[in-house]
Amino acid sequence: MKLSACIVVYNGYDEALKAAQTVLHCTRRYPVALYLVDNASPDGSGKKLEQAVADGLLAAGPGQQVVVHCRTENGGFGTGHNMILPELDSDFHFILNPDIQLTADTLSDLADWMAAHPDAVMARPSLVFPDGKPQQLPLRRCALRPMLYRQLPRLSFWKGQNDHYLMLDEDLTRPIEIEFCTGSFSGVRTSTFKAVGGFDESYFMYVEDADLTQKMRTRGKVYLVPQYTAIHAWHRAAHRDLKPALWQTGNLLKYFHKWGFKW
């Protein structure tokens with residue numbers, strides 16, 4: 001079995017380097033090609049990653065390959081990941097954020113699980129904060145009320161809608177089909193990912209993972225596989241700055257227009 005993984009980087013060399021190192025260190029069962037796509041980082045992260053490969057800080061082990069691509073413009077999250085689509089010849093591909101860290105051979109584990117479940121076209125593990133606390137991420141399709149509640153938690157009368165969005169009414173200790181697979185860590189069947197054309201590049205940032213999930217669901221099922229775990233620092237820029245919040249709002253409207261409104 002052949003694996004591949006991609007991390008799209010915009011600034012933050014140190015974090016991206018650590019994420020990449022954990023992928024190479026932990027992924028041992030199967031060959032893996034690791035792609036690092038720098039989205040024209042002003043801080044020079046792309047050139048630093050190229051130098052890290054040259055200096056051996058990102059040393060590929062047996063059966064491993066590290067490829068760094070430096071884009072000349074920032075085309076957004078999905079565009080960065082789509083850049084490597086023509087190069088992929090793996091069985092399973094992993095979409096990873098720079099704030100992901102592996103502590104076990106989670107890529108191989110998820111690939112084995114998906115290979116044993118032919119209906120699975122996309123899956124993710126459980127994600128935890130660096131202190132080990134479990135993260136609660138959306139698992140059902142985007143809907144307006146829970147997304148508003150997550151931005152404005154004072155709307156406490158919609159907490160039940162958010163709990164439903166997180167599937168807290170389900171047993172999440174076992175593998176379960178989901179409707180939303182976070183782009184911070186997604187495993188995809190490579191042939192299906194290529195067949196749907198990867199990400200919709202009209203989403204510059206935010207909601208593109210929800211859109212990709214719906215595209216993948218037209219070809220099979222998407223799962224949470226909670227027995228496998230990774231660390232996710234979870235930088236929530238949309239809650240700190242106006243521009244990302246506006247991107248998220250605009251993309252949500254685009255998503256609803258494309259996949260149908262859900263209140």
[X] (side chain) donor-acceptor with [Y] (main chain) under 3.5 angstrom:
{"X": "D131", "Y": "K133", "answer": "yes"}
{"X": "R71", "Y": "E73", "answer": "yes"}
{"X": "D105", "Y": "R28", "answer": "yes"}
{"X": "K254", "Y": "V207", "answer": "no"}
{"X": "Q64", "Y": "T27", "answer": "yes"}
{"X": "D163", "Y": "L168", "answer": "no"}
{"X": "S41", "Y": "N11", "answer": "yes"}
{"X": "R29", "Y": "D112", "answer": "no"}

Beyond-backbone contact of [X] with [Y], side-chain heavy atoms, under 4.5 angstrom:
{"X": "Y228", "Y": "W113", "value": "yes"}
{"X": "N39", "Y": "F77", "value": "no"}
{"X": "H93", "Y": "C6", "value": "yes"}

Derivation of the side chain to side chain donor-acceptor pair (under 3.5 Å) call for D211 and Y203: CA-CA 9 Å; D211 180 88; Y203 297 87; 3.1 Å; yes

Nearest 0.5 Å, what's the [atom1]-[atom2] distance between [X] and [Y]?
{"X": "L24", "Y": "L102", "atom1": "CG", "atom2": "CG", "result": "10.0 Å"}
{"X": "L224", "Y": "E177", "atom1": "CG", "atom2": "CD", "result": "11.5 Å"}
{"X": "F185", "Y": "T229", "atom1": "CZ", "atom2": "OG1", "result": "10.0 Å"}

Applying side-chain contact (heavy atoms from CB on, under 4.5 Å), run through Q21 and L58 and close with a yes or a no. CA-CA 6 Å; Q21 287 173 331; L58 279 177; 3.7 Å; yes

Other residues, nucleotides, ligands: >12 heavy atoms within 6.0 Å of K194 NZ: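 Check passes, neighbour count above 12.
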
Take a 6.0 Å sphere around NZ of K47 and say whether it holds more than 12 heavy atoms from other residues, nucleotides or ligands.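 No, the 6.0 Å shell around NZ holds no more than 12 heavy atoms from other groups.
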
Is K18 salt-bridged to D14, cutoff N-O under 4.0 Å?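 Answer for the salt bridge query: no.
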
Salt bridge check: are D209 and R124 linked by an N-O gap of less than 4.0 Å?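 No, D209 and R124 are not salt-bridged.
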
Taking atom types as modelled, find out whether D200 and Y255 have a side-chain donor-acceptor pair closer than 3.5 angstrom.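 No, no side-chain donor-acceptor contact under 3.5 Å.
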
Should L17 and V32 be regarded as members of a common hydrophobic cluster, given that ILVMFWY residues are connected when their side-chain heavy atoms come within less than 4.5 Å of each other, either directly or indirectly?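 Yes; tracing contacts between hydrophobic side chains, which count when under 4.5 Å, links both residues.
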
side-chain contact (heavy atoms from CB on, under 4.5 Å), paired with L49, selected from I7, V66, V9: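 Looking at I7, V66, V9, the match for L49 under the side-chain contact (heavy atoms from CB on, under 4.5 Å) is V9.
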
For the pair W234 and L127, evaluate side-chain contact (heavy atoms from CB on, under 4.5 Å) and give the outcome as yes or no after the intermediate values. CA-CA 10 Å; W234 200 2; L127 297 175; over 6 Å; no

Non-neighbouring partners of D43 that pass salt bridge (Lys or Arg N to Asp or Glu O under 4.0 Å), sequence neighbours left out: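 Counting only residues at least two positions away or on another chain, D43 forms no salt bridge (Lys or Arg N to Asp or Glu O under 4.0 Å).
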
